[in-house]
Chemist: 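Sending over a structure as structure tokens; questions will come in a sec.
Both counts, for ligands and for their atoms, begin at 1 and track the order of listing.
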Amino acid sequence: MRKTLLLAGIALCCADVSSTVDAKTPSLPPYKDAGLPVETRVEDLLSRMTLQEKIAQLNQYSLGSNDNVNNNGEIVNVLPPEIGSLLYTADDAVSRNAMQRRAMEETRLGIPIIFGYDTIHGYRTIFPIPLAQGASWNPDLAGEAARVAAIESYYAGIDWTFSPMVDVARDPRWGRVAEGYGEDPYLASVFGAATVEAYQGGDMSEPGNIASCLKHYVGYGASEAGRDYVYTEISRQSLWNTYLLPFEAGVKAGAATLMSSFNDISGIPGSANHYTMTEVLKEKWAHDGFVVSDWNSVLQLIDQGMAPDEKTAVEYAINAGLDMDMVDNLYMPHLEALVKEGRVSEDRIDDAVRRILRVKFRLGLFEHPYVEEKPESERILLPESLETAKELAVETMVLLKNENGILPLEPDTKVALIGPLAKSRMDLLGSWRGRGRGEDVVNIYDGLSRAMEKPVEYAAGCDFEGSDTTGFAEAVKTASASDVVVLCLGEKYSWSGENASRSTIALPQLQEQLLAAVKRAGKPVVVLLSNGRPIDLTRISPAADAVLEIWQPGVMGGPAVADILIGKANPSGRLNITFPYTTGQIPIYYNHRSPARKGTQGRYQDIPSTPMYEFGYGLSYTSYDYGPLTLSSDTCSADGKITASITVTNSGDIDGKETVQWYICDPYSKTTRPVKELKHFEKKLLRAGESCTFEFEIDPLRDLSFRDTEGNPVLESGDYYIIVKDRKARLTIE
Ligand code: BGC
């Protein structure tokens, strides 16, 4: 592994954060005058820059390796202080401030560096993985978590996070399904937008606000066979109706930046794609921030069979609209020559620099280049942050099965806690865990022990994989001496995330064998599943009395699980990604098209063709009764508005949060449409016995249209259906 010697070149002096730049000094050049509009300042600064200074702004270096084992930074002995950005991997703001001081004081123009980092689902307070967050159907709560993540990141010296990932992902073999919000473009749009707003706050220059980065632009989730870094075959139709939608929503929410993707999009890699980066993003959507490449994705244009050499790779990338080069270090050595040879215009360089400077000005970096250096006790793992982590973890968990109401457990139940995940800490954090540490995690054993009145008996039973069954006997003995077995199965943190594809979504046989073994004790078995992707539960679910999907729940996973198991919290998560019966069903997702033949025709001969647990599914400890679905009118003009309503009653005797999911269906269209499409959802607390009316205000152009191959909405007249659960109402557009 290559290690960086970056700090050798930095004078690590203690930063004086009070020495911000005085914006009002009259002799200052206009770009240093905070009172002037950003655009005036950008143009003034740009007019003073040499070509070399401009090119330097387009480079992001890395401070060694980040927490992704795939990413090892270049050896950087003495980092030039003129660089645009640094991928920052220190734990605090000290070296950031030292490096920033060099940029501010040792360079001709004093342009601050923007420090980026992968704060994905938390910086040090690690929240549930994004896939889990989507299953909460609570974007406000996910936003609260993102606020905590932003503040912790900011005080660690970070201005910019490479998040949210809004790739629609429908192949659970792909390890990166863990990093996004699931299979639905609308759900990903809502969570992506909420996260962007939470990171950036109203005004990015306020302390504690950081810039966001929508990634991976675009279509990375369509990776063939779930392998990473591979080709994706995406028609314009799918590009516009599936993959681009969450990016469009994120851009509307104000995302400062985007990251171009690794994948080859139908022959034009994401990092050299003029259509997506320039024609769509910058021209059609008028995004005025910048696009950063993914790690080495400029260099990868060579491996992908597009550019024959590094210089051509740079030419293709910059001309396609890729503004900043992450870690390749290729823009720096090649751009000047490319400009001189006329292969890249200086206008394009200016445009890229302008975009980067704009974000730096908006972040207030020129006025506040340094970050206050606070002690850890004041900036990470604060009690209220941990409370948010627990609340969110509770809401992400999905109860998949609960035979005979085995859950919730009485607090005096004697629990046998078994399985390789029962005492694990790191595995509850999942991939891309920022600066998260195992020691910060309250594991399932500790969480449950604190909640139960009787001691929780523990036996690991076996490891995550392998063939060693010697622990089974002890597990069965422990199970026999208990009232209920809580069996913790699932994946290690490294089994999902980047470069973590799997050929099967079944758990290793050893874990299934452990379940079969403990069943022999004759006690009810509650299976807890912790994983970063849907799992094949064909053999697990029928053998269990209850199954609770806890995903990778973060630092407060243990207490959150305990609250649900003893009924202190009522499960309210719903699947945001389909759980197939077997790997052979992949791809399988709810918003598919109608097949050409109905009935049994076209189905698999050997396995079911429907999923084991479908999108939107999840049980509760209470029951909800849905009243009739009504429309304010059953006809509407294209520019009219209709309100759909449904009254839901909590008919059980336990309070609960119910999510009403509103789908639409366009049964006949000149371009065929999915059998149903999520267009709105709302989660509300319903006290036992309480009724509440949920509404969906339908804007036909927004909610009923599809996109043509250039992204323009097309609304056809005719009949549509509004769908909630098994209720359906017809709406005619005149
Ligand atoms: C990943 C990105 C990440 C970047 C920087 C890449 O390998 O694909 O998601 O933001 O590294 O760490």
Chemist: Just to check, does Y117 reach to within less than 4.0 Å of ligand 1 when the distance is taken from its heavy atoms?
Modeler: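 Flag not set, Y117 not near ligand 1.
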Chemist: Under 4.0 Å from a heavy atom of W295: which atoms of ligand 1 are those, numbered in the order shown and with their elements?
Modeler: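 That gives atoms 6 (C), 7 (O), 11 (O) of ligand 1.
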Chemist: Could you list the atoms of ligand 1 found under 4.0 angstrom from a heavy atom of F162?
Modeler: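 Answer, ordered by atom number: 10 (O).
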Chemist: Do R101 and Y370 meet the cation-pi criteria used here (NZ or CZ under 6.0 Å from the six-membered ring centre, within 45° of the axis)?
Modeler: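 Here R101 passes the 6.0 Å and 45° test against Y370.
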Chemist: Is it true that D440 and R124 make a salt bridge, defined as a side-chain N closer than 4.0 Å to a carboxylate O?
Modeler: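 The answer is yes: the pair qualifies as a salt bridge.
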Chemist: Could you check which of D167, T89, L87, D118 puts a non-hydrogen atom nearest to atom 12 (O) of ligand 1?
Modeler: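 Among D167, T89, L87, D118, the closest heavy atom to atom 12 (O) of ligand 1 comes from D118.
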Chemist: Can you check whether Y275 reaches I265 side chain to side chain, under 4.5 Å on heavy atoms?
Modeler: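 They are not in contact (no side-chain heavy atoms under 4.5 Å apart), so the answer is no.
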Chemist: So is E179 polar-close to ligand 1, meaning N/O to N/O under 3.5 Å?
Modeler: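 It does not: no N or O of E179 is found under 3.5 Å from an N or O of ligand 1.
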Chemist: Between D159 and R96, is the closest basic N to carboxylate O distance under 4.0 Å?
Modeler: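 Looking at R96 and D159, the cut-off is met.
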Chemist: For ligand 1, indicate whether the residue W432 contacts it via side chain, backbone, both or neither (heavy-atom separation under 4.0 Å).
Modeler: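 Just the side chain.
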Chemist: Taking NZ, NE, NH1 and NH2 as the nitrogens, is one of them in D323 or R348 under 4.0 Å from a carboxylate oxygen of the other?
Modeler: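 Result for this pair is yes, salt bridge flagged.
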Chemist: Give the atom numbers and elements of ligand 1 that come within less than 4.0 Å of a heavy atom of D294.
Modeler: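 Matching atoms, with element in brackets: 1 (C), 2 (C), 3 (C), 4 (C), 6 (C), 7 (O), 8 (O), 11 (O).
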Chemist: Do the charged groups of K311 and D309 touch, with an N to O distance under 4.0 Å?
Modeler: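 Not counted as a salt bridge, because no side-chain N and carboxylate O are separated by less than 4.0 Å.
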Chemist: Please say whether R176 places an N or O atom under 3.5 Å from an N or O atom belonging to ligand 1.
Modeler: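 Yes, R176 has an N/O under 3.5 Å of an N/O on ligand 1.
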Chemist: If you measure every N or O of Y220 against every N or O of ligand 1, does any of those distances drop under 3.5 Å?
Modeler: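 Not met; the criterion fails.
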Chemist: Give the atom numbers and elements of ligand 1 that come within less than 4.0 Å of a heavy atom of M259.
Modeler: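 Going through ligand 1 atom by atom, the ones under 4.0 Å from M259 are 2 (C), 10 (O).
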Chemist: Do W432 and Y123 make the cut of ring centroids closer than 6.0 angstrom?
Modeler: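 So the answer is no for these two rings.
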Chemist: List every atom of ligand 1 that sits less than 4.0 Å from any heavy atom of K215, numbering the atoms from 1 in the order shown and giving each element.
Modeler: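 Answer, ordered by atom number: 2 (C), 3 (C), 9 (O), 10 (O).
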Chemist: Between D294 and K215, is the closest basic N to carboxylate O distance under 4.0 Å?
Modeler: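 D294 and K215: not salt-bridged.
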